[in-house]
Colleague: 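Let me give you the structure first, and then I'll get to my questions.
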Protein chains: 2
Amino acid sequence: MFSKACEYGIKASTYIALKSLEEKRVSLKEISSEIDSPMAFTAKILHQLAKNDILVSAKGPSGGFQIQKDRIESIKLADIVYAIDGDSVYKGCALGFNECNANKPCPLHDKFVVIRDELKKMLQNTSLFELTEGLEVGLTFLKR
Amino acid sequence: MFSKACEYGIKASTYIALKSLEEKRVSLKEISSEIDSPMAFTAKILHQLAKNDILVSAKGPSGGFQIQKDRIESIKLADIVYAIDGDSVYKGCALGFNECNANKPCPLHDKFVVIRDELKKMLQNTSLFELTEGLEVGLTFLKR
DNA sequence: ATTATTTCGGACAAAATTATCATAAATAAG
DNA sequence: CTTATTTATGATAATTTTGTCCGAAATAAT
């Protein structure tokens, strides 16, 4: 469904959001340990998320990553997915056409668009804050 | 969403179904040309679908692939996807956990399950016959 | 029977994705 | 100012997926 990069991106962002809620900046080391992801690979993804203005990075001792507290509720999963995987999730054709639309649809188009749009809606409506809620009370997990 | 292999598998099966409706067997060459897919790679996928009892293959001159006419309506997309991609589409976690369930869910689990189940239902309810219908009347396409 | 055609099946190759490593750049702290 | 720490960045490697090649096996037609 999502690329590994995107999976790590969402997990990392969620963890960073959780810590940012209590004004804490977190290091790459802590992040990749807490979400159980390869450190160097995660670094690249975080860098990309920073470039896309989703999180803020700081170099040097006591540096790390953080999300502006007042944006944790307005940053949606769709923003993260878009920053990493682009719009493939939203525009992609089930059968792999570069273009596929009502005008010249693949045989699965109509049925697939319904699912794809639901996914899109879900990602656009789900904020980082929502994802932190379950984590905070130990109801959901970022690693097994 | 689906692997390339799966995309080709669905397209190929749909084309074979279309031809099988008029009692015609089709060659690999014709198939890969009609769905615009790499021939040798498509061969492997077709072979796998044959092994999984979704289509029938025949060697030798005038050989090729075919689907039993009376099964075109009962073979669902879910069968094809399962034969090629396994159950990852149905059991996969949005954030990549090997296991992810209500008991120990990832932060996105509840919202994702809704989408995943819709996809599952759609695939289980869509037959090859349905996909051929639009093709026959030139409303849908297998290549652009 | 021989031959031409077509799928079968394994080895191999290319491309894309995922992951690692090493070094540079920034910066906080002493 | 120096040092230790941490992110930034590009090169490289491993893995997975996608795709190719070629000979084997089957079989229809001559």
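The sequence lines fix the lettering, A, B, ..., with proteins before strands; numbering per chain opens at 1.
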Colleague: What's the CD-P distance between B:E30 and C:dT7, to the nearest Å?
Modeller: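 Result: 10 Å.
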Colleague: Under 4.0 Å between a Lys/Arg side-chain N and an Asp/Glu carboxylate O for B:K69 and B:E23?
Modeller: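 Here B:K69 pairs with B:E23 in a salt bridge, since their nearest N and O are under 4.0 Å apart.
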Colleague: Would one find a side-chain N or O of A:S27 under 4.0 angstrom from OP1 or OP2 of D:dT5?
Modeller: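 Answer is no, no contact under 4.0 Å.
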Colleague: How would you label the contact of A:A58 with the nucleic acid (heavy atoms, under 4.0 Å): base, sugar-phosphate, or nothing?
Modeller: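 Since only primed, P, OP1 and OP2 atoms lie under 4.0 Å of A:A58, the category is sugar-phosphate.
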Colleague: If we ignore hydrogens and angles and just use 3.5 Å, is the side chain of A:Q48 paired with the main-chain N or O of A:A83 as donor and acceptor?
Modeller: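 Checking the backbone N and O of A:A83 against the side chain of A:Q48, a donor-acceptor pair under 3.5 Å is found.
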Colleague: Does any donor atom in the side chain of A:S37 or A:K11 lie under 3.5 Å from an acceptor atom in the other side chain?
Modeller: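 No, because no side-chain N or O of A:S37 sits under 3.5 Å from a partner of the opposite role on A:K11.
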Colleague: Does a side-chain N-to-carboxylate-O contact under 4.0 Å join B:E7 and B:K4?
Modeller: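 B:K4 and B:E7: salt-bridged.
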Colleague: Cluster partners of B:L139, using ILVMFWY side-chain heavy atoms under 4.5 angstrom, listed by chain and number?
Modeller: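 B:V137, which link up through side-chain heavy atoms under 4.5 Å apart, make up the rest of the cluster.
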Colleague: Could you tell me how far apart B:I84 (CD1) and D:dT18 (P) are, to the nearest whole angstrom?
Modeller: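 It works out to 11 Å between those atoms.
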Colleague: Rounding to a whole Å, what distance do you find between B:L55:CG and C:dT6:P?
Modeller: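 To the nearest whole Å, that distance equals 18 Å.
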Colleague: Measure from CZ on A:R25 to C1' on C:dA26 and round the result to the nearest Å.
Modeller: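 It is 12 Å, rounded to the nearest whole Å.
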Colleague: Tell me: CG of A:L49 to C1' of D:dA8, nearest whole Å?
Modeller: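 Nearest whole value for this atom pair: 14 Å.
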Colleague: I need the CG-P distance between B:D36 and D:dG19, as an integer number of Å.
Modeller: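 Computing the B:D36:CG to D:dG19:P distance gives 11 Å.
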Colleague: Between protein and nucleotides 13-25 of chain C, map the contacts as a letter string: B base, S sugar-phosphate only, - none, heavy atoms under 4.0 Å, written 5' to 3'.
Modeller: -----SBBB----
Colleague: Keeping the roles fixed (side chain from B:D79, backbone from B:I75), state whether a donor-acceptor pair exists under 3.5 Å.
Modeller: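 Flag not set: sc B:D79 to bb B:I75 has no pair under 3.5 Å.
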Colleague: Should the pair A:F112 and B:F2 be assigned to parallel (<30°), tilted (30 to 60°) or perpendicular (>60°) ring geometry?
Modeller: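 A:F112 vs B:F2 ring planes: tilted.
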Colleague: Between A:A50 and A:P61, which residue's closest nucleotide on DNA chain D lies nearer the 5′ terminus?
Modeller: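 The answer here is A:P61.
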Colleague: DNA chain D: A:H47 or A:S62, which has the more 5' nearest nucleotide?
Modeller: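 Final value for this comparison: A:S62.
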Colleague: Find the distance B:I45:CD1 to C:dT7:C1' and express it as a whole number of Å.
Modeller: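 It works out to 15 Å between those atoms.
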Colleague: Whole angstrom is fine here: how far is it from CD in B:Q48 over to P in D:dT17?
Modeller: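 So the CD-P distance, B:Q48 to D:dT17, works out to 13 Å.
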